[in-house]
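Labels below follow one simple rule: chain letters A, B, ... track the order of the sequence lines, proteins then strands, and each chain is numbered from 1.
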Number of protein chains: 2
Amino acid sequence: MTSGLNQGDLRRGELAREADCNLETIRYYETIGLIPHPPRSEGRHRLYGRAHINRLRFILRGRELGFSIDEIRALLAIEDSGGACSDVYALTTQHLVQVKRKIADLRRLERILASTAAACARDASPECPIIEALSARMGTQKPTMPRRRGARSRQ
Amino acid sequence: MTSGLNQGDLRRGELAREADCNLETIRYYETIGLIPHPPRSEGRHRLYGRAHINRLRFILRGRELGFSIDEIRALLAIEDSGGACSDVYALTTQHLVQVKRKIADLRRLERILASTAAACARDASPECPIIEALSARMGTQKPTMPRRRGARSRQ
DNA sequence: GCTACAAGCTGTAGTAACTACAGGATCAAG
DNA sequence: CTTGATCCTGTAGTTACTACAGCTTGTAGC
């Protein structure tokens, strides 16, 4: 044993692969305090365990599902402090409303796109009224989406 | 008439209110070329018409629905080029695929959130199933979401 | 016509949430 | 004991806004 690496420990790259996450994102989450500082090897390499994989997957999943970092931080704080269920309930139902609205909007957009495509396929008319179709007010909503990410490359 | 302002013209703040958009975002969209440079008053104040409202609403709506600025630019380019119907068809069907995928993703999220909330409501146990629910692998998906925005304050 | 004061102008800086890169150290295989 | 992959740190870049400072313009009331 030359490096203090135990069986089952993962290094950063392995954790990244395991959670399907960008390498640098892990360090980023550590610096902003979402992931605790892991133990290090003799040569200061980070050593992660199974618990880290779950926590990281949770964070990534939450981000994909439209929770902000601060919302995820709140969820993790609940978990870390033993889990006050009512807080989780409040946060999830609140988010659920937003998600339902987004689905409704997307369905409307889906119909518009489908009929536009169908009209284009039928008849090669010069008038494609896409802007009017989409710029109609479709019900107010407060957006709660995470930043667009790239193709999740692991390098 | 002291300022060259015609009836029906809107200034930036009015357009922002009209489209429920942050004041600065309008200027931002102009600088990146999403919105054309509007005519100005004598004193260089921007003067917008009805067409601008629609275009802006379209952009905002698209962003809320998870299209990137570049994707919206492409959609607008079709409209701007007089609507070459074959291009519209290609782009709309392409976007339709994305929209369908987004709906599917959000529906999955909806189910998870709903069942999590239901579990929390039923049973006030100290163990909240949200962490387990969210850290479970739900099948791979490439995220295509825009950045989270603030509360859309108009000032 | 004069005066407030809101609203607009420009340029620039800050924010969220990553993502990439440079230049060096470490680790594991051969 | 060397070599190439992996890791380290700090810092800079990216996207899509959002805010601010300092000044100009527009307009309502007197």
Side-chain angles (χ1 to χ4, degrees), chain A residues 1-6 9-17 21-35 37-48 56 59-60 62-64 66-73 143-155, chain B residues 1-6 9-17 19 21-35 37-48 56 59-60 62-73 143-155:
Chain A
M1 208 174 278
T2 64
S3 62
L5 194 144
N6 287 338
D9 280 344
L10 301 159
R11 269 139 60 208
R12 194 151 55 105
E14 291 165 334
L15 177 61
R17 261 190 302 281
C21 169
N22 183 291
L23 186 69
E24 299 299 323
T25 304
I26 296 171
R27 192 159 61 100
Y28 172 68
Y29 285 159
E30 187 183 328
T31 64
I32 64 168
L34 268 193
I35 288 175
H37 297 297
R40 303 280 189 125
S41 73
E42 303 273 286
R44 301 196 41 75
H45 284 202
R46 291 170 180 85
L47 299 174
Y48 298 97
L56 180 54
I59 296 166
L60 293 169
R63 291 290 302 130
E64 278 169 11
F67 289 97
S68 74
I69 291 287
D70 277 350
E71 285 167 334
I72 290 166
R73 203 188 294 278
T144 317
M145 294 179 124
R147 170 228 180 145
R148 176 192 182 77
R149 287 192 271 159
R152 277 286 238 29
S153 62
R154 255 178 283 98
Q155 199 60 263
Chain B
M1 208 176 278
T2 65
S3 62
L5 195 146
N6 288 338
D9 279 345
L10 301 159
R11 271 139 57 204
R12 195 151 56 105
E14 291 164 334
L15 178 59
R17 261 189 303 281
C21 168
N22 183 293
L23 186 70
E24 299 299 322
T25 303
I26 295 170
R27 191 159 62 99
Y28 172 67
Y29 286 159
E30 187 182 328
T31 63
I32 64 169
L34 268 193
I35 287 176
H37 297 298
R40 304 281 189 121
S41 73
E42 304 273 285
R44 302 195 41 74
H45 284 201
R46 291 171 180 84
L47 299 174
Y48 299 98
L56 180 55
I59 295 165
L60 294 168
R63 292 288 303 128
E64 278 168 12
L65 296 181
F67 290 96
S68 73
I69 292 287
D70 277 351
E71 286 167 335
I72 290 166
R73 202 190 294 278
T144 317
M145 293 176 131
R147 163 218 189 160
R148 176 190 181 79
R149 286 192 270 157
R152 277 285 234 36
S153 63
R154 255 177 283 99
Q155 201 62 262

**Study point:** D:dT25 phosphate, OP1 or OP2, under 4.0 Å from B:Arg44 side-chain N/O
**Key:** no

Exercise for review: Provide, to the nearest angstrom, the distance between the CG atom belonging to B:Leu47 and the P atom belonging to C:dC9.
Suggested key: 9 Å

Point to revise | Close side-chain approach of B:Ile26 and B:Tyr48, heavy atoms under 4.5 Å | key: yes

Review point. Between B:Glu42 (CD) and C:dC9 (P), how many Å, whole number?
Key: 15 Å

Point to revise | A:Tyr28 OH to C:dC18 P, straight-line distance once rounded to whole Å | key: 6 Å

Point to revise | A:His45 side-chain proximity, nearest of C:dC18, D:dC8, C:dA20 | key: D:dC8

Practice item. Starting from C1' on C:dT15, measure out to CD on B:Glu24 and report it in whole angstrom. Key: 14 Å

Exercise for review: Give a yes/no answer on whether the side chain of A:Ser68 brings an N or O atom under 4.0 Å of OP1 or OP2 in C:dA16.
Suggested key: no

Review point. Over how many whole Å does the gap from B:Leu10 atom CG to D:dG26 atom C1' extend?
Key: 16 Å

Exercise for review: Measure from the side chain of B:Arg46, starting at C-beta and using heavy atoms only, and say which of C:dC9, C:dC27, C:dC18 lies closest.
Suggested key: C:dC9

Practice item. Just jot down the side chain to side chain donor-acceptor pair (under 3.5 Å) partners of B:Arg12, sequence neighbours excluded, or say none. Key: none

Check your understanding: Is any side-chain heavy atom of B:Arg40 less than 4.5 Å from a side-chain heavy atom of B:Leu47?
Key -> no

Exercise for review: Look at the side-chain N and O atoms of B:Arg40 and state whether any lies under 4.0 Å from the OP1 or OP2 oxygen of D:dT25.
Suggested key: no

Check your understanding: Does A:Arg11 place a side-chain N or O at less than 4.0 Å from the phosphate oxygens OP1/OP2 of D:dA5?
Key -> no

Point to revise | Sub-4.5 Å side-chain heavy-atom contact between A:Arg46 and A:Leu10 | key: no

Point to revise | Euclidean distance, atom CG of residue B:Leu60 to atom P of D:dC17 [Å, nearest integer] | key: 8 Å

**Study point:** A:Tyr29 side-chain proximity, nearest of D:dA16, C:dC18, D:dC8
**Key:** C:dC18

**Study point:** A:Glu24: partners by side chain to side chain donor-acceptor pair (under 3.5 Å), with sequence neighbours left out
**Key:** A:Arg27

**Study point:** Options D:dC7, C:dA20, C:dT10, nucleotide nearest the side-chain atoms of B:Arg27
**Key:** C:dT10

Point to revise | Side-chain N,O (A:Ser41) to OP1/OP2 (C:dC27) below 4.0 Å | key: yes

**Study point:** Separation of atom NE2 in B:His37 from atom C1' in C:dC9, rounded to whole Å
**Key:** 15 Å

Exercise for review: Ignoring backbone atoms, establish whether A:Asn22 has a side-chain N or O less than 4.0 Å from OP1 or OP2 of C:dA20.
Suggested key: yes

**Study point:** Interatomic distance, B:Asp9 CG vs D:dG26 P [rounded to whole Å]
**Key:** 13 Å

